[in-house]
Amino acid sequence: MRKIEAIIRPEKLDAVRAALEEKGITGMTVVEVKGRGRQKGITLQWRAGEYRIEFLPKMKLEIIVDDKDVETTIGTICEAARSGKVGDGKIFIYPVEQVVRVRTGERGKDAI
Amino acid sequence: MLAIWFALVLLVALSGTVSAEEVLKVDTGDTAWVLASAALVMIMTPGLGLFYGGMVRRKNAIATIMMSFVILALISVQWVLYGYSLAFGPDIGGIIGSLQWLGLNGVGQAPNADYAATIPALAFMIFQMMFAVITPALITGAFVERIKFSSFLVFALLWATLVYDPIAHWVWGVGGWLRNMGALDFAGGTVVHISSGVSALAIALVIGARKGFGKEPLEPHSIPMTVIGAVLLWFGWFGFNAGSAVASGGLAASAFVVTNTAAAAAALTWMLLSWRSRKPSVLGAATGAVVGLVAITPASGFVGPMAAIAIGIGAAVFCYSAMLFRMKRNVDESLDVWACHGIGGTWGAIATGIFATTLVNPAGANGLLYGNAAQVVTQAIAVAVTWIYAFAVTYILAKVIDATMGLRVKEEEEDVGLDIGQHAEKAYS
């Protein structure tokens with residue numbers, strides 16, 4: 001089992017959710033985050049003059065999948081979240097030791 | 001006990017009606033308009049709280065709103081107790097009103113021909129009260145996000161007493177020396193806007209910059225809130241300027257029209273200025289409307305609608321430049337009270353000397369464009385006097401309060417925000 005952590009543009013969240021759902025991946029946790037990468041910040045206007053915002057709002061998706069679904073998930077997210085400009089985000093993959101469904105106590109793949 | 005109290009109330013009520021009938025006749029239309037105007041000006045102060053509240057960070061939102069709100073309460077009481085008497089009471093040497101009207105003694109239902117012959121003296125008093133209220137509230141933009149609430153209350157009360165009341169007397173009080181000199185200020189360009197704007201700069205220099213100023217972005221937390229505040233100011237300003245005719249008639253209508261025209265011209269101009277540098281700014285358009293209102297204030301009873309457009313455009317250009325200048329000098333006069341009210345008020349006062357015409361108001365004077373260049377000089381003297389007096393007294397007052405009570409909150413408190421630090425409340429839970 002793997003945890004896929006994807007940081008994406010906030011406006012792409014729904015497209016990513018829909019694309020993943022088509023592939024049968026329905027579960028995810030979404031966190032509103034701020035961050036920066038190659039896009040760095042943006043310049044906004046004050047009443048006169050400008051100021052820089054160094055951290056931009058992004059969405060972080062946390063998705064736990066079976067090993068066999070990892071590549072599909074990554075591919076689907078990349079396709080749905082891409083705009084082609086800097087700031088599209090990043091995906092991180094971690095091993096997951098155990099998954100437990102609270103309601104039934106099921107463990108492992110069945111609990112995903 | 002109760003019977004005596006009722007008898008007393010009855011006696012006061014009767015004496016009130018008797019005196020109201022024996023002197024000047026009250027005009028119902030004038031009285032209705034001035035009372036409605038007082039209510040319009042009243043809403044400007046909490047509106048100002050929203051205007052400023054939206055421009056600070058969320059951790060200081062209610063502390064900022066509270067300053068305007070509490071000033072409404074504080075100065076209302078000050079004005080009734082002694083403020084009105086100092087500003088409008090029987091003159092002492094052209095400098096200050098006497099304390100003869102302490103506790104509104106002698107200010108009754110009958111008109112006072114010196115100020116407004118057709119409305120009750122009480123109506124004139126309450127209308128003027130709302131001006132006394134909003135003026136110190138304007139200054140609060142200078143020291144948001146770092147001032148200690150207790151010190152702020154002391155400052156506001158002393159400032160109203162030592163700066164506002166005397167200047168109001170000089171310009172508007174019968175016998176006031178600037179009034180006698182012939183300075184024109186229809187609704188408070190010098191008294192309200194220059195005095196508050198210049199004082200804002202003085203106290204900002206004493207209290208110092210916010211932590212992080214110039215290093216971190218000190219972002220406005222709610223532009224919609226600021227726009228609502230600007231709209232309430234614009235709305236209330238009809239009372240401020242058109243009410244200053246202290247009569248319901250042609251002059252009030254004229255002041256109403258030029259007020260709206262100047263605000264509109266300035267909002268458009270500021271929007272275009274921001275567009276030229278980047279994109280059409282919403283905060284810019286709202287600010288533009290306010291500086292247009294500021295600049296037309298002294299002129300509103302003396303100029304026509306074409307002059308109002310020129311005054312509005314000038315206000316946006318001068319105040320926008322003043323704001324850039326202030327930022328370049330790295331002065332944290334946080335919400336630009338000096339750039340908007342100090343510079344906007346100064347332009348308005350000088351513009352009154354340029355565009356004033358007796359065609360609009362026979363009781364006024366002609367300005368430069370109507371062959372009376374001397375009026376510009378008179379206006380400039382009133383401006384200079386107000387700048388010097390307001391700056392000097394406010395600077396000393398701020399220094400004294402800083403040395404005794406301390407103007408600023410502790411650094412940790414500034415980090416956490418004044419909402420929790422000073423009020424133990426949060427704007428957004």
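Proteins get letters first, then strands, A, B, ... in listed order; numbering begins at 1 in each.
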At a 3.5 Å cut-off, give me the donor-acceptor pairs between chain B and chain A, one pair per line with the distance.
unit_1, atom_1, unit_2, atom_2, d
Glu219(B), OE2, Tyr51(A), OH, 3.2
Trp270(B), NE1, Arg47(A), O, 3.0
Arg278(B), NH2, Thr43(A), O, 2.9
Lys279(B), O, Gln45(A), NE2, 2.9
Thr287(B), OG1, Arg47(A), NE, 2.9
Leu335(B), O, Arg47(A), NH1, 2.6

Results of side chain to side chain donor-acceptor pair (under 3.5 Å) for Thr190(B) - residues two or more places apart only: Asp185(B)
Distance-minimising heavy-atom pair for Met327(B) and Gly49(A): CE-CA, 4.2 Å
With sequence neighbours excluded, residues passing side-chain contact (heavy atoms from CB on, under 4.5 Å) with Phe238(B): Trp234(B), Phe256(B), Thr259(B), Asn260(B)
Sequence neighbours excluded, which residues qualify as side-chain contact (heavy atoms from CB on, under 4.5 Å) partners of Leu232(B)? Ile43(B), Leu50(B), Ile228(B)
